[in-house]
*Asks:* 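Could you have a look at this structure, given as structure tokens, before my questions?
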Amino acid sequence: MVIPNISLGPFTLVDVLPYVALVTILGVILLATPFLVWYERVALALIQDRLGPNRVGPRGLLQAFADGIKLFLKEDIRPSAVDATIYYAAPVLMMIPALAACAVLPVADLRIDMGGGRIESVPFVVGNVNIGILYLLGLTSLQVYGIVLAGWASNNKYSLMGGLRSSAQTISYELSMTMAVLTGVLISGSTNMVEIVRSQAGTVADWNIAKFLPLGFIATVVYLIAMVAETNRAPFDLPEAESELVAGFHTEYSSMKFAMFFMCEYASMLVISGVATALWFGGWNSPHPALNFVPGFVWFILKVVAFVMVYVWVRATLPRLRYDALMALGWKRLLPIALAALVLTATWDAVRTPADKKSGWPVIEAPHDADKPAARASNAR
Amino acid sequence: MQGNSIGFWILAALCIFAAVQVVANRNPVRSALALVGVMCCLSVFYFAQGAEFVGAVQLIVYAGAIMVLFLFVIMLLNLGAPNPMMDRVGLSKPVALLASAALLGSLALAGALKMAPDRVGKSPVSGTVQQIGYALFDPGRPWLFAFELTSVLLLVGVVGAVVLAQRRSD
């Protein structure tokens, strides 16, 4: 499907595409939250052999909206002993990185007719930056502040415990996640999200999960485990363990402030599923060339929805980890495995690179050359 | 004034406000949080200058890892209330004043003499992963040895941390 590069006043479609992407992706992520809540509750009910929400609207679809209205109308309580500024800032600080992360999510590759029969692939992404994956890692590590500060500012021992657990857990699993991501970067040969997805075009065998067998697969599994831990979802939901910490870091939060934590969880679930899709499962690429008639964004959405299903499935199946077991899993199992996968992938890559490519270092442009468009384009890898 | 410079001045004001808060605020958690703000502002500066890799690393290493540990320790020791120990007047205050005055003076001098290139809102500097990697590991350049030396230093730090942690658990 080729889209003509429509002229919109002084701009063309390609010029405004990042802004269109920004509005669309943000809008979809925010609007999808109620449906995700419904999806999770229905899937949980299915697994646990019960009915689930079925009262509000057809098949209970409006249940999440009813919950939203309820949260809006609840009294906004501020406990007297909280540190007010940080208490109110914490949900916002958690929301910002969750939403900012979708800036580098590559959703689709559009075929655009630039005029004169020249057809170019233009990614449907907000910022096609060279270090997209590093930007994502940075933002994921910032997300812990929201939880830690919420726990501290609440001036409540359970909340503080939740905040401390969260920071320890996030730091521990971030290492394994980073190692797994770096393995993916090595396999793709790029830190640009769009290039990572483009390098996986073809069949299922070209996806990063199936490359460097079994190293790609191992790194994928490590990433998937770490991603559940990073989003504080069951079975890694120790920061908010109801049975031990009475909801942990958000015990003292009511009304819309609580709803923001809730939305954050689902938004970051979507974003991090999108990253997993782009990094390991081919992003917008179809599993087989015969299925290429289906547009790319459909594949992307299908894969993200499948990941959300995995999230729910894992939550329904596995019991919550004990705290020391959580730490042991992160440091003594995942990290060595991820490190080994990284080193072996690097070795493999170095060994199979032809000898003529190894010799000689490429000429590095002087810094002032970076201003020239040609030099910028050659660095885009 | 270009959009870039407007962004720069807003960000600069934010950055300086946060930096003042780091030292002026008596609450250690808020002080640490202000430092996170400074790190984030610096990272955005790097991004705006086109040094995307440096910006991302600034975010990951300082804001994402080191400051989280700072906050973690502050919260673990529960340094919530202002500490009377901090009011103790000693030699540290005049020395700190002198040192910061010297730093400010030398920076102002460098600015007045135009020793630093004026890059505000101008061309991006090169800072992509590829360029940095080639520059660091180029055998023809002198930085490979320094780089390896730094990694050995980090390794020593890691081994030291493990040894210290082990002694405690005995």
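Side chains included, hydrogens not; waters and symmetry mates left out as well; all remaining heavy atoms used. Letters A, B, ... mirror the listed sequences (proteins, then strands); counts begin at 1.
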*Asks:* Does anything in residues 58-69 of chain B reach chain A? List residues with heavy atoms under 4.5 Å apart, or say none.
*Replies:*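 Against chain A, the residues of residues 58-69 of chain B that fall inside the cut-off (heavy atoms, under 4.5 Å) are B:Leu59, B:Ile60, B:Ala63, B:Gly64, B:Met67, B:Val68, B:Leu69.
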*Asks:* For A:Tyr145, is it the side chain, the backbone, both, or neither that has a heavy atom closer than 4.5 Å to a heavy atom of chain B?
*Replies:*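 Answer is side chain: those atoms of A:Tyr145 sit under 4.5 Å from chain B.
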*Asks:* Decide yes or no for B:Val57 and A:Ile131: does some side-chain heavy atom of the first lie under 4.5 Å from some side-chain heavy atom of the second?
*Replies:*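 The answer is no, as the side chains (C-beta and beyond) never meet within the 4.5 Å cut-off.
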*Asks:* With a 6.0 Å cut-off (strictly less than), is the heavy-atom count around OH of A:Tyr88, excluding the residue itself, greater than 12?
*Replies:*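 Counting neighbours around OH of A:Tyr88, more than 12 heavy atoms of other residues, nucleotides or ligands fall under 6.0 Å, so yes.
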*Asks:* Within this structure, what is the CD-CG distance for the pair B:Glu52 and A:Asn192, rounded to the nearest 0.5 Å?
*Replies:*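 Atom-to-atom, B:Glu52:CD and A:Asn192:CG are 9.0 Å apart.
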*Asks:* Non-hydrogen atoms of chain B under 4.5 Å away: do they reach the side chain of A:Leu164, the backbone, both or neither?
*Replies:*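 When you check distances to chain B, atoms from both the backbone and side chain of A:Leu164 fall under 4.5 Å.
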*Asks:* Could you tell me which portion of A:Ala168 (side chain, backbone, both or neither) has an atom closer than 4.5 angstrom to a non-hydrogen atom of chain B?
*Replies:*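 Backbone plus side chain of A:Ala168, per the 4.5 Å heavy-atom cut-off to chain B.
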*Asks:* Tell me which of these, A:Leu139, A:Leu136, A:Leu93, A:Leu149, has more heavy-atom pairs under 4.5 Å with chain B than the rest.
*Replies:*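 Highest number of heavy-atom pairs under 4.5 Å: A:Leu149.
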*Asks:* Crowded around B:Phe70 CZ? As in, over 12 foreign heavy atoms under 6.0 Å?
*Replies:*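 At most 12 heavy atoms, drawn from other residues, nucleotides or ligands, come within 6.0 Å of this atom.
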*Asks:* Hey, could you give me each pair passing ring-ring contact (aromatic ring centres under 6.0 Å, His included) that has a residue in residues 165-185 of chain A? Not counting sequence neighbours.
*Replies:*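 Pairs touching residues 165-185 of chain A that pass the test: A:Tyr173-A:Phe236.
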*Asks:* Identify which part of A:Thr85 has an atom lying under 4.5 Å from any heavy atom of chain B, answering side chain, backbone, both or neither.
*Replies:*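 Its backbone and side chain both get close to chain B.
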*Asks:* At a heavy-atom separation under 4.5 Å, does A:Val144 approach chain B through its side chain, its backbone, both, or neither?
*Replies:*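 The side chain, not the backbone.
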